[in-house]
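Take a look at the structure below.
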Amino acid sequence: MRISDNKIEEIRIAANIVDVISEYVQLRKRGKNYIGLCPFHSEKTPSFTVSEEKQIFNCFGCHKGGNVYKFLMEYEKISFIESVQELAQRYGVNIEVDEETTGKQSEQEILYDINTETAKYFSNNLLNSSEAEIAREYFQKRKIKPQTMRSFGLGYAFPSWDHFVNYAQDKKIDLERAISLGLIGQSNDGRLYDKFSGRIIFPIFSPNGRVVAFAGRIIEKKENSAKYLNSPESLIYVKGRILYGLSHSKDEIRKLDKAILVEGYMDLISLHQSGIKNVVAVSGTALTEEQVQLLSRYTKNVVLLFDADTAGIKASMRSIELLLKKDMEIKIASLPSGEDPDSFVNNFGREKFEEIIKKAQNFLEYQTEFYSNQGMFEDPSKTAEAIRELVKPVSIINDELKRSLLIKSIAKKFNLREKLLENELDKAIQSFGKQITNEERIRDKELIKKQLEAKLQKDRKISPREIRLEKEILKLLFEGKTEIVGFVFSQISPEEFLTEEHAKLAEIVYEAYKNNEEIIAASLIEKISDEKLQSFVLNLTFDKYSISRNWEDIYPGLPHEKILQKIAVDTVKRFRTEKINFEIKNNFRLIESATEEEERFELMKLNHELEKEKQKLNLNISIE
Ligand SMILES: [Zn+2]
C-alpha cells in the first residue's frame, strides 16, 4: 500500500509525539523537553528524552531515537506503513485509498492467513507425526535442534496425493486461493493434489515475519523431480524482493552493522543455531537489486562467503555489481576447500567461523591478490587483462571520489602504475554505458582532483575548533527555523564542511530547504539513511548544553527567536573567520617556500586582501 509523502507528513504533524509516547512511557517535563525511563533498555535514572518542539525522541543510554513513527515501529515491532496507518486511525486522518486497494488489502490478509494455517500444518507434521521420521532424520543429520525447527517454522509435507487437500477442506481454506498460492495443484481431469508432497518445508518470511511463501526440498534424490520447489509469485510474494532469514536476523544486522550473505536455507539456519545471527540467504534466485535495496536499510556492510574451490568472485560478479551500485561496502571471506557455511560451522564451531569473517578482505584486495597469486602481474600480457578485470567493478561505483581512492590503493598495494589503472577505468566506464560527454568528463576529473586535494587536506588538519564550529552550524540547521537555515546557506555552502559526515548532513538540510520542504528535525531525520548519522543528529539537537544559555544572560528578556538569530550571525561569522584564518596561514607557508620573488609578492597581496575581508565580515554578515 502506498501512502503519499504529504499524507505521512500530515499524520506526523497531527500526532504530537509527546501525546503518543505518553501512552507508553511516563514522561515529565524538564526544561524544554520531557524525560522518562527508556522503554527500550532497562534503567533507573531517565535518559529517554522527548522534544515537543522538534517532535523527536532520543535515548542517551541505548541511542534509540527518531520521530513518532520510529517510536511506534520500535515499540510495537511494526513496519513503517503500519505505524503510519495506526496513527492515521488514532488521529482521524483519512488515508484516501481507492476501492481497488482496499479490496487488495483484505485479499492480502486472506492469503497471509492461508499461509499461516498451512505453515502450522507442515510444522506440526514434522514435529509430531510418526510418519515424519525420515524428515526428522534429515535435520538430525544436520544437527538441527527441535527448537531451531520451531523458530524457523520448518515442516514436512507427507508423501501423499491429497493429505493437504483434505486438511484444507476441513479447515475451510479457500481452495482457489490455495491453488493460486501454489499449495495445491490441479490435474487435467480436475483432480486436486498436494503440491509439496514428500518434501521438507522452509517457510519464507517477509521482513515483518509473515509467511509469504514456501520452499520444499526433496529428501531423497528422485529422477524427475527438482531438488527445490518454490511457491509461485503471488499478491504477497515477489521472489526478488525477499531475503531469506531477514525477519530473524534484522535486529542483529542492525546491531553489528554488518550482514553475512550466504547461499542456502540450511547455511543460514545452521549459522543462526550456532549463534551467528546477522545472516541472510539469497535462496532460489540470483541476488536482485530490490534485495540489495532491502538489505541496505539495515546495513551498508556485507560479507560474501566463498568456497575456496569455486571460481569465487567471477561467479558472484553480478551480485557484487549490484551491491556496489548501492554503495555497499563489500568484503569477501573464503572457506576452506570442500566446506560450505553449514558444514563448516558444524565441523569447526562458531569461533572459527567468526575468525574467518574477521579476516574478510575488501573485495578489490581479494581479487587483486587472487591475480597476484596466479602470477598475472609478472607477465605483461596478462597484467593488462587482470587490470581490465580489476577496474570493471570499480567503474560501477557511483561515488567518484571513492573510485579514485580505490584506484590509488590498488596501485599502491600491488605496485601498479596509477595512470594505467585510470586509463582502463575510463574505458570501463565508457563501455559500462555511462553516457558522459567529453566536456563533462574533463570537468568531472577536475572536480575529482579538487575533491581529492580537499580530502587529503582534510585528513591532515581539521582542528577541534573547526569541528566544534561545524557542529554549532549543524545545530542551527536542525533547529527547524526556515529563516535561520536560509541565512546560514546564504553564507556557507554544504561542501565547505570539512568533516564528511557534517557535509552530508548539511547537504540534506540544503536539499530540503531548496525544495521548500519541511526543515524540522522530525522530517529531516527520515532522509538520513545512516543510523549513526541519525543518532549523531539526535544527540546534536538534544545536546545537553544549550548554546543559547549565555546569550540569554547577555540579552535578558529577548525572545528565543531573536536570540537564535544573534547566535546564527555570530556562529556564521566565526565560521567564516576560521576559513579566512586558515587560508592566511596556508599562504604564509607558501610564502616561506616560494622561490620566485613575484610569487611571494602575490601571496602577500592575497593575504592583505584576506585580512581586509575578515574585518568586513562584521558589516557584511547580518540576518536582516
Ligand atoms: Zn534507552
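Ligands are counted one by one from 1 in listed order, and the atoms in each one are counted from 1 as well.
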Tell me if a side-chain donor or acceptor on Gln55 pairs with a main-chain N or O of Glu52 at a distance below 3.5 Å. yes
Near the Zn ion (ligand 1), is there an N/O/S atom from His63 that is less than 2.8 Å away? no
Heavy atoms only: give me the nearest Cys59-Cys38 pair and the separation to one decimal. SG-SG, 3.6 Å
What N/O/S atom of His41 is the closest to the Zn ion (ligand 1)? ND1
Can you tell me, to 10 degrees, how wide the angle at the Zn ion (ligand 1) is between SG on Cys62 and SG on Cys38? 110°
Using ring-ring contact (aromatic ring centres under 6.0 Å, His included) as the criterion, point out the one residue from Tyr24, Tyr34, Phe48 that pairs with Phe57. Phe48
I'd like to know whether Glu82 forms a side-chain contact (heavy atoms from CB on, under 4.5 Å) with Gln85, so could you lay out the CA-CA distance, the side-chain angles of the two residues, the decisive distance to 0.1 Å, and finally the verdict. CA-CA 5 Å; Glu82 285 166 326; Gln85 283 170 326; 4.2 Å; yes
